[in-house]
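Values below: every heavy atom of this structure, side chains too, minus hydrogens, waters and symmetry copies.
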There are 2 protein chains.
Amino acid sequence: MTDFLCDLASYNVYSQACPARLVLDRLADKWSLLLMDRLSQGPVRFNQLRRDVEGISQKVLSQSLKKLERDGLIARRVFATVPVTVEYTLTELGATLSDTVASLAHWAERNIDAVLASQRQYDAHNA
Amino acid sequence: MTDFLCDLASYNVYSQACPARLVLDRLADKWSLLLMDRLSQGPVRFNQLRRDVEGISQKVLSQSLKKLERDGLIARRVFATVPVTVEYTLTELGATLSDTVASLAHWAERNIDAVLASQRQYDAHNA
DNA sequence: CGGGATCCGTTCCGATACTG
DNA sequence: CAGTATCGGAACGGATCCCG
């Protein structure tokens, strides 16, 4: 068995200093993967993104986009229209990630039934 | 462009009712993916897991394992030794997920430098 | 060893109001 | 349109104590 998360000689497996964990910690929040997937379909503007990704608030969307931009995964472009237009797109780096995100989403689609069934069984057993 | 997250006819893209989002919301936390990856290397006991995955507290580890078990991704086996021994393993379902988790981790390893560089540039620009 | 129960600070997040 | 600022409640998470 190989260790996928941190095979570098200078780091302990799953140690907090492991660089891979830094990235995972960033991506593993409620919205990042969802936003990445939405942007993988093409450029989107702020309010459109807000409408598309149901349940995200304006504040959290703004914060999340800023983090993803800081990580170099998405790009923010401002057009000097009136009123101003802002467009978000995946960067090249972000595009390389979106394939993996998509496969995670695919897994979720394929196995949602099994997961829900397991939850029901678990809840029934632990009445 | 296809929509990977929720292509079912009866659900809106990225809607809160989309089953894929239910799964993603569950996996997208600080520890689940990390625990899944660690367990993909073989059975582990509670305290070993706690030591391996640096930074997780006993309480959060316990809660996280319970959720993953409820979702049918991991199995918990108790051995009537003294003191008691508890072993966690991936289920078959969980094993099918670990490949995707691993590819996400691989991406993180490959691109950590690019991400960190982007962060530095972003921070420098927004002094 | 493998947790559960409790207390408590911090952080998150939604709602609201305001701005260029 | 695309945000920022502020406030208050809720949820998270760590530390500690306890138990079979």
Calculate the interatomic distance between [X] atom [atom1] and [N] atom [atom2]; express it in whole Å.
{"X": "B:F79", "N": "C:dG2", "atom1": "CZ", "atom2": "P", "result": "11 Å"}
{"X": "B:I56", "N": "C:dG2", "atom1": "CD1", "atom2": "C1'", "result": "14 Å"}
{"X": "B:K30", "N": "D:dG14", "atom1": "NZ", "atom2": "P", "result": "8 Å"}
{"X": "B:D25", "N": "C:dC12", "atom1": "CG", "atom2": "P", "result": "17 Å"}
{"X": "B:E54", "N": "D:dG14", "atom1": "CD", "atom2": "C1'", "result": "16 Å"}
{"X": "B:F46", "N": "C:dC1", "atom1": "CZ", "atom2": "C1'", "result": "10 Å"}
{"X": "A:K67", "N": "C:dT11", "atom1": "NZ", "atom2": "P", "result": "12 Å"}
{"X": "A:Q63", "N": "C:dC12", "atom1": "CD", "atom2": "C1'", "result": "9 Å"}

Checklist entry - Pick from B:V101, B:D71, B:T100, B:L97: which one makes a side chain to side chain contact (heavy atoms under 4.5 Å, CB included) with B:L27? => result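 Among B:V101, B:D71, B:T100, B:L97, the one meeting side chain to side chain contact (heavy atoms under 4.5 Å, CB included) with B:L27 is B:L97.
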Taking only N and O in the side chain of [X], is any of them less than 4.0 Å away from OP1 or OP2 of [N]?
{"X": "B:R76", "N": "C:dG3", "value": "yes"}
{"X": "B:Y88", "N": "C:dC1", "value": "no"}
{"X": "B:K66", "N": "C:dG4", "value": "yes"}
{"X": "B:R45", "N": "C:dG2", "value": "yes"}
{"X": "B:S62", "N": "C:dG2", "value": "no"}
{"X": "B:R50", "N": "C:dG2", "value": "no"}

The side chain of [X] is closest to which nucleotide in this list: [options]?
{"X": "B:K59", "options": "C:dT6, D:dC1, C:dG14", "answer": "C:dT6"}
{"X": "A:V86", "options": "C:dT6, D:dA2, D:dG20", "answer": "D:dA2"}
{"X": "B:S57", "options": "C:dG2, D:dG14, D:dG3", "answer": "D:dG14"}

Item to check | Under-4.0 Å salt bridge between A:D29 and A:R26 | outcome: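 Here A:D29 pairs with A:R26 in a salt bridge, since their nearest N and O are under 4.0 Å apart.
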Next on the checklist: For A:P83 and A:Q58, find the nucleotide of DNA chain C closest to each by heavy atoms; which residue's nucleotide sits nearer the 5' end?
Outcome noted: A:Q58
Checklist entry - Can you tell me if A:D52 and A:Q48 form a side-chain donor-acceptor pair at under 3.5 Å? => result yes
Checklist outcome for this item: Looking only at heavy atoms, the pair that brings A:G72 and A:T91 closest together is O-OG1, 2.6 Å
Item to check | Polar side-chain atom of B:S118 near backbone of A:R70 as donor-acceptor pair, under 3.5 Å | outcome: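 Flag set: sc B:S118 to bb A:R70 pair under 3.5 Å.
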